[in-house]
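Heads up: the structure comes next, in structure tokens.
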Amino acid sequence: MTVRVQTGDFDAGAEIARLRAGNPAVGAVASFIGVARDVNDGASVATLTLEHYPGMTERALEDIVAQARARWNVLDILVVHRVGELRPLEQIVLVAVTSAHRGEAFAACEFIMDYLKTEAPFWKRESSPLDEREAHE
């Protein structure tokens, strides 16, 4: 089980390949990639800034991964979550789960993503294109 919080982008294909590499028990891989959008609740978004408390955030993510592992028969779980300033189209988060069967992988992946979206200790600030223009004037 791996949890990483980082500023840099990730290669989802390479991450998933590493997660399942060499394990013939893997019969399913479920994954989710969250991407920054240019609109939220009808308002234009130029940048999204995600902040966290190092150490605390990783522990919270490790706890939710442990809960998923206890609930479903999964083989491995990877969570990569970015922080810092992100622009529309940039990847924010990757959750990938391996298991013998798809149902377990889908359920665990959804459980972890629901937690990340609603309860994880990240703080989000969006700026509009107007905010960006004013900052550069």
Side-chain angles (χ1 to χ4, degrees):
M1 307 299 150
T2 302
V3 169
R4 290 196 325 261
V5 177
Q6 62 191 46
T7 56
D9 198 7
F10 53 85
D11 179 336
E15 296 285 359
I16 292 168
R18 271 192 296 277
L19 187 68
R20 60 183 287 238
N23 189 345
V26 172
V29 179
S31 64
F32 176 87
I33 300 169
V35 179
R37 296 174 302 214
D38 66 347
V39 174
N40 188 26
D41 291 332
S44 294
V45 176
T47 61
L48 166 67
T49 303
L50 290 166
E51 297 178 357
H52 78 299
Y53 288 119
M56 181 183 104
T57 301
E58 289 84 351
R59 280 190 301 278
L61 300 183
E62 288 165 358
D63 181 57
I64 200 65
V65 165
Q67 288 179 46
R69 187 166 189 174
R71 260 178 105 167
W72 292 281
N73 187 17
V74 300
L75 299 169
D76 207 352
I77 298 173
L78 169 67
V79 177
V80 179
H81 205 298
R82 293 182 63 197
V83 293
E85 186 177 280
L86 302 169
R87 299 203 171 276
L89 302 176
E90 289 190 55
Q91 300 179 121
I92 302 169
V93 62
L94 168 65
V95 175
V97 180
T98 61
S99 66
H101 304 285
R102 71 181 182 274
E104 303 281 323
F106 277 130
C109 188
E110 182 177 32
F111 175 77
I112 293 166
M113 255 328 294
D114 285 348
Y115 172 83
L116 290 173
K117 190 68 177 166
T118 61
E119 298 180 45
F122 291 100
W123 293 268
K124 177 171 77 170
R125 185 178 70 246
E126 295 173 339
S127 67
S128 72
L130 180 59
D131 296 336
E132 292 290 304
R133 281 192 295 269
E134 289 173 355
H136 291 87
E137 289 179 357

> Hey, quick one: are I16 and V97 part of the same hydrophobic cluster, counting side-chain heavy atoms closer than 4.5 Å, chains of contacts allowed?
Replying inline: no
> Under the ring pair (Phe, Tyr, Trp, His ring centres under 6.0 Å) rule, what pairs show up with a residue in residues 81-105, not counting sequence neighbours?
Replying inline: H81-F122
>> Are the side chains of K124 and L48 in contact, using a 4.5 Å heavy-atom criterion?
In response: yes
> Is the count of non-hydrogen atoms from other residues, nucleotides or ligands lying under 6.0 Å from E110 atom CD greater than 12?
Replying inline: no
> CD1 of I33 to CE of M113: how many Å apart, nearest 0.5 Å?
Replying inline: 11.0 Å
> If you look only at pairs with a residue in residues 1-22, which of them pass as a ring pair (Phe, Tyr, Trp, His ring centres under 6.0 Å), with sequence neighbours excluded?
Replying inline: none
>> Given T7, which partner from the list V83, L50, L86 fulfils the side-chain contact (heavy atoms from CB on, under 4.5 Å) test?
In response: V83
> Below 4.5 Å, heavy atoms only, C-beta onward: do V5 and V80 meet side chain to side chain?
Replying inline: no
> Side-chain donor-acceptor pair under 3.5 Å between S128 and S44, yes or no?
Replying inline: no
>> Between E85 and R87 (salt bridge meaning N to carboxylate O under 4.0 Å), is one present in this structure?
In response: yes
>> Which residues end up grouped with V45 if you chain together Ile, Leu, Val, Met, Phe, Trp and Tyr wherever their side-chain heavy atoms are less than 4.5 Å apart?
In response: none
Can you give each donor-acceptor pair under 3.5 Å made by side-chain atoms of residues 23-32, sequence neighbours left out, with the distance rounded to 0.1 Å?
from : atom 1 : to  : atom 2 : distance (Å)
N23  : OD1    : A25 : N      : 3.0

For residues 64-78, tabulate all N or O donor-acceptor pairs below 3.5 Å that involve a side-chain atom, not counting sequence neighbours.
from : atom 1 : to  : atom 2 : distance (Å)
Q67  : NE2    : D63 : OD2    : 2.9
D76  : OD1    : M1  : N      : 3.0

> Which heavy atom of R102 sits nearest a heavy atom of S99, and at what distance?
Replying inline: N-OG, 4.5 Å
>> Give me the atom names and distance for the closest heavy-atom approach of I92 to V35.
In response: CD1-C, 3.8 Å
> If two hydrophobic side chains count as joined below 4.5 Å and joins carry through other members, does V3 share a cluster with L94?
Replying inline: no
>> Who clusters with Y53? Use side-chain heavy atoms, under 4.5 angstrom, across I, L, V, M, F, W and Y, and order the result by chain and number.
In response: M56, W123
> Does a side-chain N-to-carboxylate-O contact under 4.0 Å join R82 and E90?
Replying inline: yes
>> Is it the case that the side chain of Q91 and the backbone of V93 share a donor-acceptor pair, with hydrogens and angles ignored and the cut-off at 3.5 Å?
In response: no
> Does any non-hydrogen side-chain atom of R4 lie less than 4.5 Å from one of V79?
Replying inline: no
